[in-house]
Amino acid sequence: MDDRCIEIKGGSRLCGKLTVHGAKNAVLPLLAASLLTDEEVTIDNCPYISDVDNMAKLLCELGAHVVREGRRISVSGHVTGVRTGARLYKTMRSSMFMLGALLCVLGEVEMPLPGGCDIGARPLDIHLDGLRRMGARTLCDGEILNCRASGLAGAKIVMRYPSVGATENLLMCASLANGETMLVNCAREPEIVALAEGLRAMGAKISGEGSSVICIEGVKKLHGADLHIGGDRIVAGTVLSATALCGGDVTVYGADVGDMKSIFQSFRSEHCSIEESPLGFRVRSDGQIKARSVITAPYPLFPTDMQPQFLACQCFADGVSRVRETVFENRFAHAKELSKMGANISVHANCATVLGGSLHGADVYATDLRAGAGLCVAAMRADGVSRVFNPHYIERGYEDFAELFSSLGADIKNTVG
Ligand code: EPZ
């Protein structure tokens with residue numbers, strides 16, 4: 001039982017400047033893509049977060065040579081999966097991003113099905129449909145997934161839903177397939193663009209990334225490259241939400257403001273100004289929150305990874321707000337925790353309705369990465385002291401969350417419960 005927690009006393013305004021760390025959801029697929037060549041691939045601006053640490057360990061377990069020097073990770077050598085392919089760890093959801101790369105390199109992958117998590121079942125049908133279209137044979141007994149392919153062939157793949165992970169896996173496979181692949185109705189997230197740019201730097205022939213149709217002309221071999229990832233737009237959005245709620249004046253560098261338009265649109269009001277610049281954005285707020293509603297959806301619409309932070313803010317709004325979650329089927333676990341702080345939230349199916357008011361401090365429990373971030377945002381405004389337990393979830397995607405916000409003036413610290 002992890003008795004660590006993040007202790008927060010609400011009421012401080014946030015002021016200052018910071019640069020967000022590298023994007024978790026860009027670095028993870030790029031680490032997987034580094035397996036597609038034996039030559040050295042270096043990735044700069046990698047964040048110090050547990051998902052990246054675990055991914056690096058997984059690459060080592062698979063036989064790759066991984067060296068971390070500060071924020072630079074280099075991967076070389078080749079994976080040496082056993083005849084039955086590499087057995088990946090169930091606990092690593094991001095091991096999903098290995099599926100495509102390992103199938104390309106080993107011709108066979110056997111992995112425990114990555115379990116569902118607190119935000120949903122996380123099935124793999126879109127991944128597997130696409131791999132089968134490219135000639136892979138897949139076998140799944142409910143526990144273990146086995147994929148085999150003696151060479152993948154390019155194909156036209158129409159995805160029933162623009163799955164980010166499936167787009168990433170199929171992009172990696174198509175890069176080394178025989179012939180042309182077209183991904184239709186694929187994901188458009190900035191992290192897809194980052195992966196495509198990384199693969200292109202490694203010699204892949206890709207066009208259309210960022211749109212709903214990506215074309216890939218398979219090549220025989222990929223080579224090493226020196227890659228750099230941009231700032232994490234969700235970490236930047238989390239800082240934005242906390243400043244909007246607590247009041248203050250914060251400048252955030254490092255994230256591409258072009259990737260944050262739907263987030264800015266959902267927080268901008270007469271009480272919260274956001275000035276954009278090529279280097280980042282400046283948010284100034286008087287701490288008053290307008291009642292408003294959002295619907296989460298695939299990029300470029302409002303991101304599901306900002307939903308808990310948005311819901312936290314609307315608990316203090318001047319009226320009724322509604323949040324419809326269309327990406328994951330079970331992503332309101334934080335609503336119950338916010339209710340412990342006095343939030344007036346009711347959840348029916350995939351919609352949360354919240355009547356704004358004031359919240360008081362309480363002991364609450366993170367149930368996933370962004371739920372934990374949302375609880376901390378609410379606690380930074382609530383009256384009194386809160387303790388957010390299960391900080392290991394938050395550490396998956398934020399470098400020292402407490403340090404980040406205490407540097408802006410929040411009364412927040414890591415403690416043992
Ligand atoms: C990525 O997850 C991100 N994770 C998630 O961020 C993010 O919330 C999600 O994309 C949506 O933007 C990483 O990049 C490591 P999906 P992924 O496949 O790829 C269903 C965070 O907090 N689906 O786009 O798993 C699925 O169940 C994390 O940083 C199928 O039904 O997301 C979900 O309901 C959380 N079948 C929806 O699609 C499939 O084969 C979106 O999933 C695949 C997905």
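Counting starts at 1 for both ligands and their atoms, following the listed order. The chain is numbered in sequence order, starting from 1.
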Legend entry - Close side-chain approach of Asn390 to Thr367, heavy-atom, < 4.5 Å: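 Result no, sub-4.5 Å side-chain heavy-atom pair not found.
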
Ligand 1-proximal atoms of [X], by part, heavy-atom distance under 4.0 Å:
X: Leu369; result: side chain
X: Lys24; result: side chain
X: Val327; result: both

Any N/O pair [X]/ligand 1 closer than 3.5 Å:
X: Leu28; result: no
X: Ala166; result: no
X: Phe97; result: no
X: Thr304; result: no
X: Asp125; result: yes
X: Tyr161; result: no
X: Phe328; result: no

Inset, instruction - Taking atom types as modelled, find out whether Arg68 and Tyr48 have a side-chain donor-acceptor pair closer than 3.5 angstrom. - result: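 The criterion, which ignores hydrogens and geometry beyond distance, is not satisfied for Tyr48 and Arg68.
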
Inset, instruction - Show your reasoning for whether side chain to side chain donor-acceptor pair (under 3.5 Å) applies to Tyr398 and Thr238. - result: CA-CA 10 Å; Tyr398 295 83; Thr238 305; 2.7 Å; yes

Counting each atom of ligand 1 from 1 as listed, which ones have a heavy atom of [X] under 4.0 Å away?
X: Gly165; result: 18 (O), 19 (O)
X: Arg370; result: 21 (C), 22 (O), 29 (O)
X: Ile126; result: 30 (C), 36 (N), 39 (C), 40 (O)

Inset, instruction - Look at the side chain of Asn45 and the backbone N and O of Ile229, then say whether any donor-acceptor pair between them is shorter than 3.5 Å. - result: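 It does hold such a pair.
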
Legend entry - Aromatic centroids of Tyr253 and Phe281 separated by under 6.0 Å: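 No, the ring of Phe281 stays outside the 6.0 Å limit from the ring of Tyr253, centre to centre.
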
Legend entry - Rounded distance [0.5 Å steps], OG1 in Thr167 versus CZ in Arg188: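 One finds 12.0 Å between OG1 of Thr167 and CZ of Arg188.
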
Inset, instruction - Consider ligand 1: state whether an atom of it lies below 4.0 angstrom from any non-hydrogen atom of Arg160. - result: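 It does; at least one heavy atom falls under 4.0 Å.
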
Inset, instruction - Decide whether the shortest distance between a heavy atom of Glu325 and an atom of ligand 1 is less than 4.0 Å. - result: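 Contact check Glu325 vs ligand 1: negative.
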
Ignoring hydrogens and angles, write down the donor-acceptor pairs under 3.5 Å from the side chains of residues 172-180, residues two or more places apart or on other chains.
unit_1: Ser175; atom_1: OG; unit_2: Leu171; atom_2: O; d: 2.8
unit_1: Asn178; atom_1: ND2; unit_2: Leu152; atom_2: O; d: 3.3

Inset, instruction - Dump the intermediate steps for salt bridge (charged side-chain N to carboxylate O under 4.0 Å, His left out) on Glu7 and Arg387, then the final yes or no. - result: CA-CA 4 Å; Glu7 188 173 302; Arg387 294 189 299 175; 5.5 Å; no

Legend entry - Stepwise salt bridge (charged side-chain N to carboxylate O under 4.0 Å, His left out) check, Asp44 with Arg72: CA-CA 4 Å; Asp44 212 353; Arg72 170 171 299 179; 3.3 Å; yes

